[in-house]
Amino acid sequence: MDLQLTHKKVLITGSTSGIGFEIAKRFLEEGASVTINGRSGGSLQKSMRNLKESFPDGSMEGIVADFRDSRAHESIIKTLGEVDILINNVGIYASKSFEGTSDQDWEEMFQVNVMAAVRLSRHYLPQMKKAGWGRILFVSSECAQLVPEDLIAYSTTKAALLALSRGLAQTTKGTRVTVNALIPGSTLTEGAKIFLQQQAEKENKSPGEISEEFFQQARPSSLLQRFAKPREVADMALFLSSPLSAATNGAAIKVDGGSIPGIL
Ligand SMILES: NC(=O)c1ccc[n+]([C@@H]2O[C@H](COP(=O)([O-])OP(=O)(O)OC[C@H]3O[C@@H](n4cnc5c(N)ncnc54)[C@H](OP(=O)(O)O)[C@@H]3O)[C@@H](O)[C@H]2O)c1
């Protein structure tokens, strides 16, 4: 299937590793012009080298911006200029009790998970409308609906993204711009591997045992009963970014392995 993404200019936040990095690779496979982002020059250069090896002729750029800083989006906008596709992917999480989650934890998660997407969308959505075409995608999470007790702050930010996405989509009536949310389930990224390793150390078990127990106990509703591969999530992000998905707007699309119960 030709996704018609050749030469489209794409910005993916938080994309030196994990789902964002996989999305970047998929866009490069489709001939898009990709900008990746991370917090530090070191990890960005490493990921850029990795991409260059796989896509020697690929059009790519990297921008350091730490979204804990409320002005991080400014350097991106200044460096990059216009984009056709904005993937609001960056997201941080920490497994903590509600009582153990400080104001600072809440504020940092909102800053990175929500406000980075708000600020970038506030800039790029009008630009896309003026250009006559564009795609904005918010990477939410199954946690927005499952709300695990140890991830209440994170889940709250991911629920906020669903409202933000739907609200912005409503402003696109009659344009060729779409705004959608992607709802991944548990995905085996580097971040998830670290989370599994930390749990394994805490409980004196192997990461494999923790993974199995995780689906038995924490995600019994998962129909997939395994972690999704980052590429399985990236493929859906690519379709929602494509001109082929023009009739999907204001939607929240699940790639959750069936973990969110219900028919919709
Ligand atoms: N993995 C899952 O199971 C899962 C499930 C549902 C939803 N999601 C969502 O999917 C998205 C991607 O998740 P992931 O698991 O792929 O994440 P991840 O592996 O933890 O992502 C790491 C990436 O985020 C960047 N990053 C972290 N903090 C940043 C900051 N303050 N400013 C800029 N970049 C920052 C890192 O950059 P550097 O390290 O280079 O600085 C790196 O590129 C997130 O929104 C997450 O909530 C993930």
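Start at 1 and go down the list; that is how both ligands and their atoms are numbered. Values reported hereafter were calculated over all heavy atoms of this structure, with side chains retained and with hydrogens, waters and symmetry mates removed.
- Among protein heavy atoms, the minimum distance from atom 42 (C) of ligand 1 is reached at Thr16 OG1, 3.2 Å.
- For the pairing with Gln197, the side chain to side chain donor-acceptor pair (under 3.5 Å) check across Gln199, Lys193, Glu201 returns one residue only, Glu201.
- The protein atom (non-hydrogen) at minimum distance from atom 46 (C) of ligand 1 is Tyr154 OH, 3.5 Å.
- Less than 4.0 angstrom separates some heavy atom of Ile92 from each of these atoms of ligand 1: 28 (N).
- At least one heavy atom of Val90 sits less than 4.0 Å from an atom of ligand 1.
- Looking at Asp84, its side chain does come within 3.5 Å of a backbone N or O of Lys9 through a donor-acceptor pair.
- Counting heavy atoms only, Arg39 comes closest to atom 27 (C) of ligand 1 of the residues Arg39, Lys158, Glu22.
- Under the 3.5 Å distance criterion, the side-chain polar atoms of Glu209 are matched with a main-chain donor or acceptor of Ser206.
- Interface of Tyr93 with ligand 1, defined as ligand atoms under 4.0 Å from a residue heavy atom, comprises 15 (O).
- Every atom of ligand 1 is numbered from 1 in the order shown, and the set under 4.0 Å from a heavy atom of Ser186 is 3 (O).
- Ligand 1 has no N or O atom lying under 3.5 Å from any N or O atom of Gly38, backbone or side chain.
- Distance from atom 15 (O) of ligand 1 to its nearest protein heavy atom, with residue and atom name: Thr189 OG1, 3.0 Å.
- Listed by number with element, the atoms of ligand 1 under 4.0 Å from a non-hydrogen atom of Gly91 are 44 (C), 45 (O).
- Judged purely by distance below 3.5 Å, without hydrogens or angles, the side chains of Asn37 and Thr16 never pair a donor atom with an acceptor atom.
- Side chains of Asn50 and Ser47: no donor on one and acceptor on the other come within 3.5 Å.
- Scanning Asp66, Asn89, Val139 for the heavy atom closest to atom 45 (O) of ligand 1 points to Asn89.
- Put simply, no part of Phe227 is less than 4.0 Å from ligand 1, judged by heavy atoms.
- Proximity of Cys143 to ligand 1 is not established, as no heavy-atom distance is less than 4.0 Å.
- Given atom 25 (C) of ligand 1, the protein heavy atom at minimum distance is Gly14 CA, 3.6 Å.
- The atoms of ligand 1 that sit less than 4.0 Å from any heavy atom of Ser15 are 43 (O).
- For atom 22 (C) of ligand 1, the closest non-hydrogen atom on the protein side is Ser17 OG, 3.5 Å.
- The presence of a protein heavy atom under 4.0 Å from atom 18 (P) of ligand 1 is ruled out.
- Ile183 and Val255 fall into different hydrophobic clusters, defined by Ile, Leu, Val, Met, Phe, Trp and Tyr side-chain heavy atoms under 4.5 Å apart, directly or through other members.
- For the pair Lys25 and Glu22, the salt-bridge criterion is met [side-chain N within less than 4.0 Å of a carboxylate O].
- Placement of Val139 and Leu164 in two distinct hydrophobic clusters is found when ILVMFWY residues are connected by side-chain heavy-atom separations under 4.5 Å, directly or transitively.
- With hydrogens left out, the protein atom closest to atom 32 (N) of ligand 1 is Phe67 N, 3.0 Å, a heavy atom.
- The nearest non-hydrogen atom to atom 4 (C) of ligand 1, considering only Ala144, Gly191, Gly185, comes from Gly185.
- Residues Gln170 and Arg166 bring a donor and an acceptor atom of their side chains to less than 3.5 Å of each other.
- The shortest separation from a heavy atom of Ala65 to ligand 1 is under 4.0 Å, placing the residue in contact.
- Classification of Lys158 and Glu142 as a salt-bridged pair fails, no side-chain N sitting under 4.0 Å from a carboxylate O.
- Ligand-side atoms of ligand 1 in range of Ile19: 10 (O), 16 (O), 48 (C), range being under 4.0 angstrom from any heavy atom.
- Taking every non-hydrogen atom of Asn37 and a distance limit under 4.0 Å, the qualifying atoms of ligand 1 come out as 33 (C), 34 (N), 43 (O).
- The ligand atoms of ligand 1 that sit less than 4.0 angstrom from a heavy atom of Ser140 are 7 (C), 9 (C).
- Under 3.5 Å, the side chains of Asn180 and Ser165 contain no donor-acceptor pair of N or O atoms.
- Classification of Glu149 and Lys96 as a salt-bridged pair fails, no side-chain N sitting under 4.0 Å from a carboxylate O.
- Contacts classified as ring pair (Phe, Tyr, Trp, His ring centres under 6.0 Å) and involving residues 124-177 (residues at least two apart or in different chains) are given here: Tyr93-Tyr154.
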